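Taking it in order: structure first as structure tokens, then the write-up.
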Amino acid sequence: MEEAGDEEGEQGLRLGGVGDGADGEEEVARGVVAPQVLELSSSSSGEEGGSWEEEESQGSVEVTRGGGGDREARVSESRDSAEVNGGEAESQSLPGCPICMNAWTADGAHRVSCIPCGHVYGRSCLERWLLQCRKKPATCPQCGRRFKLNNIINLYAPEISVPNNDLEKQVLSLREKNESLEKQNQELIQEINEHKRQIILQQNFINESSLKRKKMADQSSHGTTDADSVASLTADDGHSSPCSFVLQNEFFLDGARVMGIDASSQIILTSGRAPGIGAEHVLTKLSMSRQGLQKIHLPSDTKAIRDICILPGGHVVFASLGKKLSLLSMTTESVVLHYDLPAPGWSCSGDQNSPNHIYAGLQNGMLLTFDIRQTVAPLHSMMGLSTHPVHTIHSVVDGGGSRKVISASSIGPCIWDVDGSRNRPDLLNGMENHGVCISLACNPPSSDLLVASFRPKVELSDDGTSQAGKSQSPTPSASGKLGCHALIRRTSNTSFARDQICRGNVSGLRMSKSAIIPCTGRSNQQHLFAYGDESLRGVRTWRLPSLQTFADLRPHRQPILDLRFAESSSTGERYLGCLSEDRLQVFRVR
């Protein structure tokens, strides 16, 4: 620490209006006290401290002076260092003071300042330069133009930056890389979470299987068996079995709704929603020949998918509540065509005779016919018998070879002429008083056998309470409602008649899918009807045309939402898919 007697290094000095010329500069160099000149705070280390304050018209000045020659030596060293490292700093083009090569600041001792020639420096460097020059005229280190202390102008800026194209490009490149890495990180996190869910679901399934095997072993040791544990179905006694069901695949899903099966390529598509709040709707692609699944992301305006139909030639058509009928390419796994619908789409189908025609059933009861070679508008728009949603459509051929569409809404099954000759459908005979139609099973292209499923209507009494339970027999299970399944036979090209009826537990809210399964390879062709029974939370099958119970397939944890039968055109292999919210079972039909 310097002695207090060293007045040149320790005394406070105030400069305000330093005179022009050599006299003013000499006063600065000597540290002579002059009115309104410079205020200097003592510092034992010789570092900068204190601040300059001038009148508003003159701006603000901040200068500190250290101890004599020691300070001078440090300034010289700083300059020498700056000269040595100048080339490197310039090559880096960093926003810094050309004297000390340190970054400018927006305030403080080293705040960004300029002199009359326009060159910019840190203020403290300019003040040290003035002190070092002493009696010599102070000149700009870059252009040589003279300047004085009162010529230093503070530049007020909240943020200091120097334009540099190379740096900007590097920043943009790093920003893009960072965004790409963040996106990859999110995708990896989603994949990890998906794998974790799959592992948990599979572990639960393994635990269930272990308990069933243990139960079977216990029952076998006591001479009894549990039919549900021994096989995937239990057939009724006293009749020849028309076919059998062998569980081939079981996939664990999350939030599944509807599905489509391509038996030839052994590909299954299920609809659902990606994990997370407000997540987009996606399709999940599954392979029956190998494990694993793949997510297909859809346009943001797709919304919930109500129906999926796989067409020949590697295309998939699906109808969504976003008022879209979309065509997806299985090859590119992207939407290649979509039609804007006048109302949300509830069902869709391809044409059995024409690969270019597709159909859409709408929420307002309409049926639209499209040709995928025309991307603007539908070929035909037909009004329904009501404004209730058309939840099921099947493309069929009648006895005369004419194209028809069999549909179902809550009022019952209807038949449409899709060539445009008639604008409204006909309600099938005998379907008026069975309740609310919630499903319709068919075996396209044949329409000889149909099975319509109904649940009881909810009728309100005068006091506003429901009378459905009073008018119907009590439900034998706590799940669902006691409804019925009605067999419908074709009697002529345009006429149908109701045949057998059986009772079944149906959903009180959902409109689940059902299926008719042809059992070929026998002397007399037989058919089975399959529906997701609410009391079983699994699939129950009935013989046709008797509607006698045939078999119950392995149950799910959640109610069955969709059933699809598919047959391979190349190998003849036949499959039945059973979908619930968290599980997909695929049975081979033999």
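No experiment lies behind these values; they were computed from the predicted model shown. Index from 1, following the sequence.
A side-chain donor-acceptor contact under 3.5 Å links Ser514 and Ser439.
Checked against ring pair (Phe, Tyr, Trp, His ring centres under 6.0 Å), His394 has no partners two or more places apart in sequence or in another chain. For Ser334, the side chain to side chain donor-acceptor pair (under 3.5 Å) test picks out Thr332, with sequence neighbours left out.
Taking 4.5 Å as the limit, every side-chain heavy atom of Ser271 sits out of range of all side-chain heavy atoms of Leu269. At a threshold of 4.5 Å between non-hydrogen side-chain atoms, the residues Pro413 and Leu450 do not count as touching. Looking only at side-chain heavy atoms (C-beta outward), Leu579 and Leu253 come within less than 4.5 Å of each other. With a 4.5 Å cut-off on side-chain heavy atoms, Pro518 and Phe565 count as touching. The shortest distance between side-chain heavy atoms of Phe370 and Leu341 falls below 4.5 Å. Side chains of Val405 and Thr369 form no contact here, defined as non-hydrogen atoms less than 4.5 Å apart. Two residues are said to be in side-chain contact when any heavy atoms from C-beta on lie closer than 4.5 Å; Phe454 and Ile501 fail this criterion.
Listed by first and then second residue, the salt bridge (charged side-chain N to carboxylate O under 4.0 Å, His left out) pairs that reach into residues 358-375 are Asp371-Arg373, sequence neighbours excluded. Residue pairs meeting the side chain to side chain donor-acceptor pair (under 3.5 Å) criterion with at least one partner in residues 298-320, sequence neighbours excluded, are Asp307-Arg564. The list of salt bridge (charged side-chain N to carboxylate O under 4.0 Å, His left out) pairs with a residue in residues 349-360, not counting sequence neighbours, reads Asp351-Arg403.
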Side-chain donor-acceptor pairs under 3.5 Å in residues 382-392, sequence neighbours left out?
{"from": "Ser386", "atom 1": "OG", "to": "His388", "atom 2": "N", "distance (Å)": "3.3"}
{"from": "His388", "atom 1": "ND1", "to": "Ser410", "atom 2": "OG", "distance (Å)": "2.5"}
{"from": "His391", "atom 1": "NE2", "to": "Cys437", "atom 2": "O", "distance (Å)": "3.0"}

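The pair Glu534-Arg510 meets the salt-bridge criterion, since a charged nitrogen lies less than 4.0 angstrom from a carboxylate oxygen. Salt bridge status for Lys324 with Asp340: present, with a side-chain N to carboxylate O gap under 4.0 Å.
Counted within 6.0 Å of CG on Leu188, heavy atoms from surrounding residues, nucleotides or ligands total more than 12; the atom is thus considered enclosed.
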